[in-house]
There are 2 protein chains.
Amino acid sequence: MLVNKKIISRFSQYREVLLKFQEMGLSKIFSNVLGDAVGVTSAQVRKDFSLHGISGNKRGGYQIEDLLHELRSILGKDKVHHVVVVGIGNLGRALIQYTGFDKEGIQIVAGFDIDPAKVNKRNRIPVYHLDELNKYVCENQIQIGVLAVPDAAAQSVCNIMVDSDIKGILNFAQIRLIAPEDVVINSVFLQMELENVIYFVNAMENKCTRCRSS
Amino acid sequence: MLVNKKIISRFSQYREVLLKFQEMGLSKIFSNVLGDAVGVTSAQVRKDFSLHGISGNKRGGYQIEDLLHELRSILGKDKVHHVVVVGIGNLGRALIQYTGFDKEGIQIVAGFDIDPAKVNKRNRIPVYHLDELNKYVCENQIQIGVLAVPDAAAQSVCNIMVDSDIKGILNFAQIRLIAPEDVVINSVFLQMELENVIYFVNAMENKCTRCRSS
DNA sequence: ACGTTTTTGTGATTTTAATCACATTTAAAA
DNA sequence: TTTTAAATGTGATTAAAATCACAAAAACGT
Ligand SMILES: NC(=O)c1ccc[n+]([C@@H]2O[C@H](COP(=O)([O-])OP(=O)(O)OC[C@H]3O[C@@H](n4cnc5c(N)ncnc54)[C@H](O)[C@@H]3O)[C@@H](O)[C@H]2O)c1
Ligand SMILES: NC(=O)c1ccc[n+]([C@@H]2O[C@H](COP(=O)([O-])OP(=O)(O)OC[C@H]3O[C@@H](n4cnc5c(N)ncnc54)[C@H](O)[C@@H]3O)[C@@H](O)[C@H]2O)c1
């Protein structure tokens with residue numbers, strides 16, 4: 001099995017665009033149109049599909065429905081995935097309050113925090129004390145967790161999650177988590193993403209100045 | 001000038017780790033230690049530095065202070081960057097309430113929203129009506145903005161930001177923004193990041209099953 | 001029915017990024 | 001001082017990803 005993060009990201013994007021096209025009433029699509037919509041070349045689109053055994057019709061493009069069906073299964077959209085969020089601070093709260101995941105088969109089912117003040121079992125999405133994580137995860141067979149605790153606590157909370165048999169973690173703490181080989185860790189470093197923008201804005205500016213002066 | 005997003009991300013990470021080492025009282029570091037801390041090879045570390053004209057001492061490693069000095073200027077940390085957040089919903093609120101950016105020279109100075117109920121000029125970080133964005137950005141020479149409005153509004157708000165002369169946007173809406181060449185757009189697709197985790201957890205599971213059965 | 005046009009599918013090629021591997025330098029030990 | 005051991009710095013190599021380019025298929029017009 002190919003384990004290439006970038007191709008999966010593209011698949012996610014293809015899917016999103018295809019859903020929109022489908023909503024607009026279209027039933028087929030060409031690689032160049034899809035590529036344009038996602039920002040990649042048509043060859044990239046065809047190769048991505050080809051490598052995953054997805055084929056279209058010469059001259060007729062791809063059937064959107066077929067593509068969506070394949071992407072559904074590749075991306076694991078054929079079942080609902082239950083997710084817990086650990087750390088109900090600024091970010092954790094934003095995530096559990098966001099309602100857009102549901103329609104994508106991602107259901108945030110519970111939050112956990114170490115602060116008793118954050119606990120509230122009557123929320124739309126209940127928030128429990130961290131101590132209950134292990135039990136909850138085992139009983140409900142949760143495989144995916146979001147980690148949104150302060151950096152200093154992140155590794156220890158990660159360990160707890162791993163011990164509870166969570167198999168995939170989306171991490172927002174600005175540290176590199178250590179976890180067993182069979183646990184998937186995907187970290188989003190928000191500060192770094194912002195720094196990236198700043199860097200390129202600076203770089204652009206310098207380039208332009210140089211251009212003007214030359 | 002090299003414009004490689006990945007190398008800049010690594011620089012951000014090097015910097016973060018180096019700050020920690022410095023706090024711990026260390027003054028020099030070897031490429032293999034830094035590499036381990038960030039999760040890359042020592043050769044990668046040396047090449048990154050070498051390509052940017054940063055050199056250490058044969059056998060003596062790198063002076064942390066020197067490295068930090070260079071990284072500071074490469075990453076534009078030598079001045080404070082003012083940032084505005086547009087869309088004070090779940091995510092926007094999380095960002096303006098987060099206090100960790102400040103110590104990295106990133107200062108969120110104002111929020112903007114179209115909903116009058118979100119406007120509050122007496123906040124620690126004041127929130128204004130979207131109509132005031134243009135004036136504020138021009139008067140305060142803001143170059144960087146965060147976009148956290150609903151997907152459907154994102155492109156039009158992006159246009160307003162670009163018109164106001166914002167040069168870099170960190171975008172959280174799940175669409176590909178169209179903007180002029182000289183505007184830096186960096187998009188964080190949170191849903192996709194979560195889907196990525198789900199995909200790899202699924203992939204792992206299938207692989208293991210196959211392993212067991214073989 | 002038949003040629004034209006359009007689009008796929010993919011091997012070949014190019015580009016980009018990462019790793020290797022080793023000559024070179026130098027800090028520390030003997 | 002001399003030796004030894006340990007790092008760097010970088011050209012060469014390998015690996016990975018993207019693009020090219022074109023044969024093959026098939027929808028469409030005439
Ligand atoms: N909010 C942002 O905009 C932002 C930006 C960049 C990075 N981050 C990162 O995201 C993470 C979370 O940020 P935040 O702003 O939501 O932080 P926060 O301080 O608002 O929330 C953290 C939450 O985790 C809880 N917590 C603390 N220790 C815990 C533990 N051991 N177990 C369970 N819960 C625990 C706290 O009670 C709190 O509710 C941090 O690592 C931060 O570096 C956040
Ligand atoms: N919150 C999450 O966890 C999450 C997860 C995945 C993706 N996202 C994406 O992030 C973006 C923001 O998400 P959110 O949960 O914060 O949304 P939200 O609905 O909570 O907040 C959106 C805010 O934008 C404001 N707004 C609407 N139209 C506007 C306009 N034209 N100009 C200025 N402000 C406007 C609204 O008043 C609201 O305050 C969305 O595009 C969403 O797809 C969020």
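Naming: A, B, ... by sequence-line order, numbering from 1 per chain.
One interatomic measurement links the two molecules: CZ of A:Phe49 to P of C:dG9, which rounds to 10 Å at whole-angstrom precision. Rounded to an integer number of Å, the gap from A:Phe30 CZ to C:dT5 P is 17 Å. Summarising the geometry, the separation between CG on B:Asn32 and C1' on D:dT8 is reported as 11 Å, rounded to the nearest angstrom. We find that CD1 of B:Ile8 is positioned 14 Å from C1' of C:dA17, with the value rounded to whole Å. The NZ-P distance, from B:Lys28 to D:dA7, rounds to 8 Å in whole Å. Distance CD1 (A:Ile29) to P (C:dT7): 12 Å, rounded to an integer number of Å. With rounding to whole Å, B:Leu67 atom CG is found 10 Å from D:dT8 atom P. For the pair A:Arg46 CZ and D:dC20 C1', the computed distance is 10 Å after rounding to whole Å.
Counting any heavy atom pair closer than 4.0 Å across all strands shown, B:Asn57 reaches sugar-phosphate atoms only and no base atom. If you check every strand for non-hydrogen atoms under 4.0 Å, B:Ser42 touches nothing.
No donor-acceptor contact under 3.5 Å links the side chain of A:Lys58 to the base of C:dT6. No hydrogens or angles were tested; on distance alone, a donor-acceptor pair under 3.5 Å links the side chain of A:Arg59 to the base of D:dA27. For D:dT10, the base has no donor-acceptor partner in the side chain of B:Lys47 [N/O atoms by modelled type, under 3.5 angstrom].
The side chain of A:Ser50 places an N or O atom within less than 4.0 Å of a non-bridging phosphate oxygen (OP1 or OP2) of C:dT10. For C:dA17, the OP1/OP2 oxygens have no side-chain nitrogen or oxygen of B:Gln44 closer than 4.0 Å. In this model, the phosphate group of D:dA16 is not approached by any side-chain N or O of A:Lys6 to a distance below 4.0 Å at OP1 or OP2. Note on A:Arg10: a side-chain N or O is less than 4.0 Å away from OP1 or OP2 of D:dA18.
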Do any side-chain atoms of residues 144-171 of chain A form donor-acceptor pairs under 3.5 angstrom with protein atoms, and if so which ones, sequence neighbours left out?
residue, atom, partner, partner atom, Å
A:Asp151, OD1, A:Gln174, N, 3.1
A:Gln155, OE1, A:Ile178, N, 2.9
A:Gln155, NE2, A:Asn159, OD1, 2.9
A:Gln155, NE2, A:Ile178, O, 2.9
A:Ser156, OG, A:Ala153, O, 3.2
A:Asn159, ND2, A:Gln155, O, 3.4
A:Ser164, OG, A:Asn134, ND2, 3.3
A:Ser164, OG, A:Ile160, O, 2.8
A:Lys167, NZ, A:Asp182, OD2, 3.1
A:Asn171, OD1, A:Ala173, N, 2.8
A:Asn171, ND2, A:Ala173, O, 3.1
A:Asn171, ND2, A:Ile175, O, 3.4
A:Asn171, ND2, A:Ser187, OG, 3.0

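Relative ring orientation between B:Phe49 and B:Tyr62 is described as perpendicular, the plane-to-plane angle rising above 60° on a 0-90° scale split at 30° and 60°.
The side chain of B:Tyr62 lies closest to D:dT8, out of D:dT8, C:dC20, D:dT19.
For the pair A:Ser73 and A:Asp78, the minimum side-chain heavy-atom distance is below 4.5 Å. Under the 4.5 Å side-chain criterion, counting only non-hydrogen atoms from C-beta, A:Val38 is not in contact with A:Gln44.
Remark: A:Glu65 CD is loosely packed, at most 12 non-hydrogen atoms of other residues, nucleotides or ligands lying under 6.0 Å away.
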